[in-house]
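Chain letters run A, B, ... following the sequence lines, proteins first, then strands; residues in each count from 1.
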Amino acid sequence: MRESYDPAEIEPRIRRLWQDNDIYRWHADENGRPKWFVQSMFPYPSGDLHIGHWFAFSGGDAAARFKRMEGYNVLHPQGFDAFGLPAENAAIRGNVHPKLWTYDNISNMRRQFELMGNSYDWSRQIITCDPEYYKWNQYFFLKFLENGLAYRSDGAVNWCPEDQTTLANEQVKDGKCERCEAVVEKRNMPQWYFAITKYADEMLDMSGIEWPEKVIVSQENWIGRSEGVNIRFDISEYGLETESIGTFTTRIDTIFGVTFVVLAPEHPLVGQLTQPDQRPIVDEYVAAAARETEIERTSAVREKTGVPTGAYCINPINNERVPVLVGDYVLATYGTGAVMGVPAHDARDFEFAKKYDLPIRVVVAPEGWGGEELEEAYLAPGVQVNSGEFDGLPSAKGMEAIADAIEANGWGERVVTYHMRDWLISRQRYWGTPIPVIYCGDCGTVPVPYEDLPVELPADAAFKPSGRSPLTEHEGFLNAPCPKCSGPGKRETDTMDTFMDSSWYHMRYLSPDNDEDPFDPDFANSWAPVDQYTGGMEHAVMHLLYSRFFNRALRDMGYVDFDEPYVHLFSHGTLTTEVGKISKRSNPLAPDPLVQEYGADTLRCYLMFLGPWDKGGIWTESGINGIRRWLHRTWDVCLRNPEELSGGDDAAERALDVAGNTVTKRVIEDMRVYKYNTSIASLMTYVNQLNEAWDNGGVSPKLWRESVRRLILHLAPLAPHIAEELWLLNGGEFSVHQQPLPEWQESKLTVDTIKIVVQVNGRVRDTIAVPADAGEKEIAATALASPGAVRHTQDKQIRREIYVPGRLFNIVVG
RNA sequence: GGGGGAGUGGCGGAAUGGUAGACGCGCAUGCCUUAGGAGCAUGUGGCUUCGGCCGUGCGGGUUCGAAUCCCGCCUCCCCCA
């Protein structure tokens with residue numbers, strides 16, 4: 001008597017079998033199979049793998065398993081993004097060392113990963129807080145320094161008051177810290193930067209990658225290249241040290257429409273230009289602006305405000321004298337901190353001009369414009385008017401001609417600006433990679449010699465919420481002899497942004513134990529880039545941007561010979577609960593009890609069945625029973641004795657054969673594009689069809705055996721444990737995960753008799769059954785004679801007949 | 001404000017020019033059972049005079065035929081300002 005499906009018994013036993021045989025360990029290929037480097041973004045070791053992790057990693061693992069069965073030599077590693085603030089905060093709160101906290105979490109999450117049964121090659125695991133790993137962060141930092149890609153600079157930076165550290169621009173969302181959502185402040189302090197902007201133009205070229213459109217667009221927007229002109233408005237009449245106001249515009253074609261100039265409240269010229277009678281009102285305005293945040297000031301819905309300085313400047317193109325105002329919708333940090341006001345052709349300027357009754361002069365005419373006033377700013381291209389010698393030019397041409405004229409006269413110059421800034425990598429925190437630099441009173445900033453790497457984090461740092469990195473108070477770490485002169489020096493106490501770790505970790509998977517080099521260059525060039533990468537949209541900018549920069553830096557320093565780190569990218573959606581996003585910060589929904597109750601295979605399949613993988617979804621347990629029932633049915637179907645079948649029913653035999661070929665085609669095509677939900681739906685249908693065939697009893701034992709094998713093979717990437725068990729119980733050779741996919745034949749996708757829909761005027765009136773090889777004439781005759789068609793065509797004239805082969809026959813009557 | 005995505009039964013979702021609602025959940029009826037939050041079977045968009053009619057956010061259009069393509073509008077989500 002065969003036993004019923006018991007995942008609690010099967011799954012651990014099967015996993016042990018995989019481990020004992022080490023089947024997921026990568027080996028250099030002996031058979032010339034093509035390589036496939038497939039990777040899921042590694043997790044932060046927050047403590048538990050929550051259901052969102054399962055959603056992400058089930059799909060990634062299914063992709064790796066499927067690719068293996070497609071005949072590739074697959075490398076599928078996993079690791080831990082182990083530096084970061086939560087560990088340090090845990091230390092401050094709970095008096096547990098970040099290292100201990102992190103490694104405890106890692107061992108727990110490793111256990112939970114085992115529970116999933118993923119096909120990782122754990123022999124290549126990397127943990128970024130391991131000195132053997134972060135040593136290479138320091139190594140690359142020094143290389144960047146040598147190659148002019150790292151530099152230290154003093155200036156305004158983003159400061160998170162909650163996390164007590166600076167942040168990169170990418171980590172500020174809506175003026176708030178990306179991870180803790182505290183409002184970010186501006187501070188001035190010297191920090192280390194990577195010269196990512198050096199690659200801005202090259203990174204705009206996405207031709208070497210196949211990524212989702214939305215990620216590509218996000219990166220383009222973030223890099224934010226804009227071509228424009230810097231143009232100076234003369235203020236020499238005031239006899240100041242500065243003789244002009246520099247403004248930046250992308251719409252130089254509208255220069256003749258300037259009717260005012262607006263300075264940011266923080267602009268250095270505000271104080272000097274403000275005329276005595278305007279002084280009180282300007283001072284008050286500037287003070288008020290300082291109390292507001294950047295988000296408030298740039299909000300689209302907020303009314304634009306401003307005050308006149310009483311001063312004027314001169315537009316060089318037409319020598320017009322226009323008023324200078326102060327307005328808080330202009331930001332000191334963007335462009336030159338001053339904009340030329342062209343109300344006719346800029347929405348914000350238009351609103352501003354309406355409010356303060358400033359003139360609005362059209363200089364780019366909309367089509368058919370007859371000189372009337374505009375109801376709103378006209379932003380599209382048009383024809384130059386009121387533009388002196390440029391009148392009549394299309395504005396696109398006007399843009400070039402005017403820019404030429406400005407450059408020729410020395411009034412300004414073309415410039416390219418980017419939204420993206422250099423990557424600020426300094427963090428005033430303990431749990432990160434120490435920046436390997438020593439400051440010497442005599443020699444200045446001295447890099448730590450390579451042979452002294454790694455600069456290890458001292459274990460005995462004092463964790464207290466002092467607002468300063470524990471490293472600044474650790475005398476043993478802080479004081480170090482200058483590598484050049486051996487005089488007394490002080491170590492840099494800032495650590496690196498943890499995005500440094502993830503910018504190249506995929507390369508370290510290739511040589512995890514190499515202590516001579518970060519990775520073996522020959523192996524790297526034959527195995528990288530990553531062929532397939534999967535992860536969430538939250539890294540569309542940040543991680544994915546930094547990695548693309550880092551890879552180009554590696555390339556230019558001679559480490560790799562390719563441009564892009566990740567060739568194909570798939571962004572899975574976000575799994576949420578009704579209350580919000582599941583993440584390390586909220587709603588940890590522990591999968592362990594679910595695994596206990598339903599089994600890992602059921603949970604994996606259920607997550608993949610919820611909907612399209614890239615759409616994400618809302619977690620709810622309702623419905624998981626459907627998957628459980630299906631796997632029970634699958635179990636039952638696959639363990640029947642084929643010899644009980646009598647065979648002899650050709651139609652049933654043919655029908656099951658068609659069902660098998662059909663499911664193979666569907667599942668393979670859907671799996672290739674990560675449509676796991678419809679893959680599973682097809683497999684469910686197939687199980688139902690197998691049940692029908694069994695009840696009919698007329699199929700041959702031989703076809704039954706083949707059909708069952710087919711089912712198990714397609715199940716393997718999605719439900720790896722049950723597939724293995726069923727495979728072995730059916731006499732399959734270990735392991736099912738090393739088998740090739742079943743094949744299908746186009747000629748076996750249709751049964752002998754096909755159903756044709758009969759329409760009259762596009763409405764379904766009947767269906768007819770015809771032989772699959774029936775000709776159009778035969779089908780037309782049958783269709784026209786069908787009762788439904790007759791009912792709607794009698795007494796009417798048939799005007800047209802449309803036949804869609806194999807699908808429908810439409811009769812058009814008048 | 002700009003960019004991207006979406007809107008289909010009670011629910012998750014299929015179908016991207018050819019039978020709308022595959023597959024599953026839920027629900028209903030029946031069977032089995034000492035019992036059922038188990039299993040199995042059947043049914044399940046609405047209305048219906050059982051011929052059909054209506055139905056994919058709303059309004060128009062193209063087509064023999066539109067969830068799908070085009071025009072206008074509404075709502076929601078994500079990213080950027």
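We find that CZ of R251(A) is positioned 15 Å from C1' of G2(B), with the value rounded to whole Å. One atom, CD of E801(A), and another, C1' of G18(B), lie 17 Å apart when rounded to the nearest Å. In this entry the distance linking CD1 of I624(A) with P of G26(B) reads 12 Å, nearest Å. Between the CD1 atom of I768(A) and the P atom of G18(B) there is a distance of 19 Å, rounded to whole Å. For R807(A) and G17(B), the CZ to P distance is 11 Å, given to the nearest whole Å. To the nearest angstrom, C1' of A22(B) lies 11 Å from CG of N677(A). Computed from coordinates, the F609(A) CZ to A22(B) C1' distance equals 10 Å when rounded to whole Å. Rounded to an integer number of Å, the gap from I754(A) CD1 to G18(B) C1' is 14 Å.
Backbone-only contact: L610(A) has heavy atoms under 4.0 Å from sugar-phosphate atoms and none from a base. Counting any heavy atom pair closer than 4.0 Å across all strands shown, V764(A) reaches sugar-phosphate atoms only and no base atom. E213(A) comes within contact range of no nucleotide atom at all, as no heavy-atom separation falls under 4.0 Å. Note on N688(A): only backbone sugar-phosphate atoms sit closer than 4.0 angstrom, heavy atoms only; bases stay farther off. As judged by a 4.0 angstrom heavy-atom cut-off over every strand, V757(A) is placed among the base-contacting residues. At the heavy-atom level, R765(A) lies under 4.0 Å from the strands shown only through sugar-phosphate atoms.
Spacing of P atoms, U19(B) relative to C80(B), comes out at 41 Å, to the nearest Å. Nucleotides G10(B) and G57(B) have their P atoms positioned 13 Å apart, rounded to a whole Å. C76(B) and A22(B): their P atoms are spaced 30 Å apart (whole Å). Comparing G61(B) with C11(B), their P atoms sit 30 Å apart, to the nearest whole Å. Between C27(B) and G12(B), the distance separating the two C1' atoms is 16 Å to the nearest Å. Taking the C1' atom of each, C47(B) and G9(B) are spaced 15 Å apart, rounded to whole Å. Look at the P atom in both G18(B) and G65(B): the space between them is 15 Å, to the nearest Å. Across the C1' atoms, U8(B) and U56(B) are found 4 Å apart, a figure rounded to whole Å.
For R666(A), the CZ atom counts as loosely surrounded, since its 6.0 Å shell holds 12 or fewer non-hydrogen atoms of other residues, nucleotides or ligands. Atom CZ of R225(A) has more than 12 heavy atoms from other residues, nucleotides or ligands within 6.0 Å.
Side-chain atoms of H632(A) and S4(A) form no donor-acceptor pair, as typed in the model, at a separation below 3.5 Å.
Considering only side-chain N and O atoms, K675(A) lies under 4.0 angstrom from the phosphate OP1 or OP2 of A15(B). Put simply, N221(A) has no side-chain N or O that comes within less than 4.0 Å of OP1 or OP2 on G2(B). The side chain of R800(A) places no N or O atom within less than 4.0 Å of a non-bridging phosphate oxygen (OP1 or OP2) of U63(B). Close to G39(B), at under 4.0 Å from its OP1 or OP2, lies no side-chain N or O of H632(A). Residue R791(A) places at least one side-chain N or O closer than 4.0 Å to OP1 or OP2 of G52(B). For the pair R629(A) and G24(B), the criterion of a side-chain N or O lying under 4.0 Å from OP1 or OP2 is not met.
For G51(B), the glycosidic angle deviates from 0 by 90° or less, giving a syn base. Base orientation at G55(B) is anti, since its O4'-C1' glycosidic dihedral falls outside 90° of 0.
If you check C40(B) for Watson-Crick or wobble pairing at under 3.5 angstrom, you find it paired to G30(B). Across the strands present, G1(B) finds its partner in C80(B); the criterion is a Watson-Crick or G-U wobble pair with both atom distances under 3.5 angstrom. Nucleotide U16(B): unpaired (no Watson-Crick or G-U wobble partner with both distances less than 3.5 Å).
Judged by the 6.0 Å distance and 45° axis criteria, R640(A) is positioned over the aromatic ring of W694(A). For the pair R548(A) and W222(A), the cation-pi test (distance below 6.0 Å, angle within 45°) is failed.
Between H539(A) and F499(A), the ring-plane angle classifies as perpendicular under the 30° and 60° cut-offs. Taking the six-membered ring where the residue is Trp, H543(A) and Y566(A) present tilted rings, their angle falling between 30° and 60°.
Among the nucleotides U19(B), C64(B), C79(B), the one closest to any side-chain atom of N810(A) is C64(B). Checking G4(B), U19(B), A15(B) against every side-chain atom of K214(A), the shortest atom distance belongs to G4(B). Listed candidates were C23(B), A81(B), G18(B). Nearest to the side chain of I802(A) is G18(B).
Between G623(A) and N691(A), the one whose closest nucleotide on RNA chain B sits nearer the 5' end is G623(A). Sequence order on RNA chain B of the closest nucleotides to M684(A) and V541(A) puts M684(A) first from the 5' end.
Under the 4.0 Å criterion applied to side-chain N and carboxylate O atoms, K675(A) and E669(A) are not assigned as salt-bridge partners.
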